[in-house]
Amino acid sequence: MSATSPAAVVVLAAGEGTRMKSKTPKVLHEISGRSLVGHVVAAARELDPQHLVVVVGHASEQVTAHLNAGDAVRTAFQAEQNGTGHAVRMGLEELGGNVDGTVIVVCGDTPLLSGETLGALAATHAADANAVTVLSAEVPDSTGYGRIVRDAATGAVTEIVEHKDATDEQRAIREINSGVFAFDGRLLGDALGKVRTDNSQGEEYLTDVLSILREAGHRVGASVAGDHREILGINNRLQLAEARRLLNERLLERAMLAGVTVVDPSSTLIDATVTYERDAVVHPGTQLLGTTHLAEDSEVGPNSRIENTVVGAGARVDNSVTLSAEVGPGASVGPYAYLRPGTRLGTKAKAGTFVELKKTVVGEGTKVPHLSYVGDATIGDHTNIGAASVFVNYDGVAKHHTTIGSHCRTGADNMFVAPVTVGDGVYTAAGSVITKDVPAGSLAVARGQQRNIEGWVARKRPGSAAAQAAQASPQVTDGQS
């Protein structure tokens, strides 16, 4: 915990967000791999606060369950949404009342807010010995926002004037209020008890705390965000899409500065939880989602969805979908492959064109080159699975496992009916249906004998194009082949 780490961060996430026009609570809408409130919580945790509490209200059980799906987050319940001041009061009560030290209050619908900006707010608050420090921003167009009015001599904030109440001179001010604050915890607790509800909404406004403390002789300051877009709140789907675009640009910029080649950033999506190493290459039309990791010299895309997947050093994923899978170093996937959860490709293994793998471990150097389905299987090292192979893993009730050994060569159009084990060094004939275990070093042939019925076309399809072609063939004599 650093010298400027706050005693507490209170995240306000109790509102319904009716303008989203959704059955999903506003703060649970997702962009770049996290919910809106998830992004705010992640930024708050960068400050290493002593306490972190999220105030929930609308759909509280759903929001609380979401927050506790990963690292548990403390919540406070606001039964009735009686304003931002009331929400902060509920948060402080969850922490036992007044809090010694800095309390930072943030909104749960500001996903672009960074830990760096919150840290600068906390540092300014401490350095200036403020009772309240407002996170402000200078915007190109301040229409509709509350203006930050400062004392010309000291730089202290003298008031926040709403647009409708501002004079022409004040409307020219481009520094606006973000709704994010740092407070002296003790002073905040006392001032919240003095907030009145004699306003048009009958609610407790957090902004009233500023005037209460200022009138009591305490200093109110401001910390200006480096990028005004960080303070953007989300109220509808248009703003959600814009925030997604801005956050995606930020995340891709971070990746490129870390040594990742992103060929076409405009067509590439990346989640905040994705990690990478230098010299990874991302081709156009690719989505990097969840806990995906790109190792050094790996190459993914174009037109690929890589989700919760580890792509090893020097591996290649081309025009494919991988979900909760592992692609080993130097392995190749695609084009047009589908790796489902539980799939692990070993070093220099291959899942080729139109191959689907599910819950399958593929050994080092083993190839499943094309047109095959492999489910619930273990395949050894340096084996080749023939084209159009199917691992028949489901009997209509339960899934069963298939084991293929190392250095095997299985024929095209094979079916392996699980449960079945094929030993090391086995060959299987094309067109075989393998239903019994095959000992190591064997050739397995499991197909019917071929029988040719000569002259059948001339007798059964006389006059047809096929019969005429057969009759004209130099291989035919007196209608017999």
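What's counted below: heavy atoms across the whole structure, side chains too, no hydrogens, waters or symmetry copies. Worth saying up front: this structure is predicted, and the values here are computed from it rather than measured.
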Do the side chain of [X] and the main chain of [Y] share a donor and acceptor less than 3.5 angstrom apart?
| X | Y | answer |
| --- | --- | --- |
| Arg250 | Leu112 | yes |
| Thr366 | Val362 | no |
| Ser266 | Asp264 | no |
| Asp271 | Val274 | no |
| Ser142 | Arg174 | no |
| Thr383 | Gly405 | yes |
| Ser267 | Gly285 | yes |
| Ser320 | Ala337 | yes |
| Ser442 | Ala444 | no |
| Ser372 | Val355 | no |

Could you give the distance from [atom1] ([X]) to [atom2] ([Y]), rounded to the nearest 0.5 Å?
| X | Y | atom1 | atom2 | answer |
| --- | --- | --- | --- | --- |
| Thr75 | His66 | OG1 | NE2 | 12.5 Å |
| Leu95 | Met90 | CG | CE | 12.0 Å |
| Arg74 | Thr64 | CZ | OG1 | 13.0 Å |
| Thr110 | Arg229 | OG1 | CZ | 15.5 Å |
| Thr275 | Leu294 | OG1 | CG | 7.5 Å |
| Ser298 | His293 | OG | NE2 | 7.5 Å |

Shortest non-hydrogen separation from [X] to [Y] and the atoms involved:
| X | Y | answer |
| --- | --- | --- |
| Ala398 | His400 | O-CD2, 3.5 Å |
| Ala295 | Ala280 | O-CB, 3.9 Å |
| Ala325 | Leu339 | CB-CB, 4.0 Å |
| Ala43 | Leu113 | CB-O, 3.4 Å |
| Thr292 | Asn308 | OG1-N, 3.0 Å |
| Ile306 | Val317 | CD1-CG1, 3.6 Å |

Would you check, one step at a time, whether the test side-chain contact (heavy atoms from CB on, under 4.5 Å) holds for Leu357 with Leu345? CA-CA 10 Å; Leu357 304 181; Leu345 295 185; 3.6 Å; yes
pair [X]-[Y]: side-chain heavy atoms closer than 4.5 Å:
| X | Y | answer |
| --- | --- | --- |
| Ser304 | Asp318 | no |
| Ile385 | Ile379 | yes |
| His401 | Val420 | no |
| Leu252 | Thr268 | yes |
| Leu240 | Ile31 | yes |
| Phe391 | Thr360 | no |
| Asn393 | Phe416 | no |
| Val327 | Val310 | no |

Is the [atom1] atom of [X] crowded by more than 12 outside heavy atoms at less than 6.0 Å?
| X | atom1 | answer |
| --- | --- | --- |
| Lys358 | NZ | yes |
| Tyr145 | OH | no |
| Arg344 | CZ | no |
| Arg19 | CZ | no |
| Lys460 | NZ | no |
| Glu138 | CD | yes |
| Arg278 | CZ | no |

How far apart are the C-alpha atoms of Ser22 and His29, what are their side-chain angles, what is the distance that settles it, and do they pass the side chain to side chain donor-acceptor pair (under 3.5 Å) test? CA-CA 9 Å; Ser22 174; His29 281 265; 3.2 Å; yes
Where do Cys408 and Asp424 land on the side-chain contact (heavy atoms from CB on, under 4.5 Å) test, with the steps shown first? CA-CA 6 Å; Cys408 294; Asp424 293 336; 5.6 Å; no
With a 4.0 Å cut-off on N to O distance, would you call [X] and [Y] a salt bridge?
| X | Y | answer |
| --- | --- | --- |
| Arg305 | Glu307 | yes |
| Glu364 | Lys348 | no |
| Glu16 | Lys26 | no |
| Arg34 | Glu30 | no |

Using the side-chain contact (heavy atoms from CB on, under 4.5 Å) rule, take Leu323 and Tyr338 through it: C-alpha gap first, then chi angles, then the decisive distance, then the call. CA-CA 8 Å; Leu323 307 177; Tyr338 181 22; 3.8 Å; yes
Can Asn414 and Thr428 be counted as having a side-chain donor-acceptor contact under 3.5 angstrom? yes
For Gln450 and Asn452, which I'm curious about, is there any donor-acceptor pair between the side chains at under 3.5 Å? yes
What side chain to side chain donor-acceptor pair (under 3.5 Å) pairs are there with at least one residue in residues 78-93, not counting sequence neighbours? Gln78-His86, Arg89-Glu204
Could you go step by step and tell me if Ile231 and Leu135 meet the side-chain contact (heavy atoms from CB on, under 4.5 Å) rule? CA-CA 9 Å; Ile231 70 170; Leu135 178 64; 4.2 Å; yes
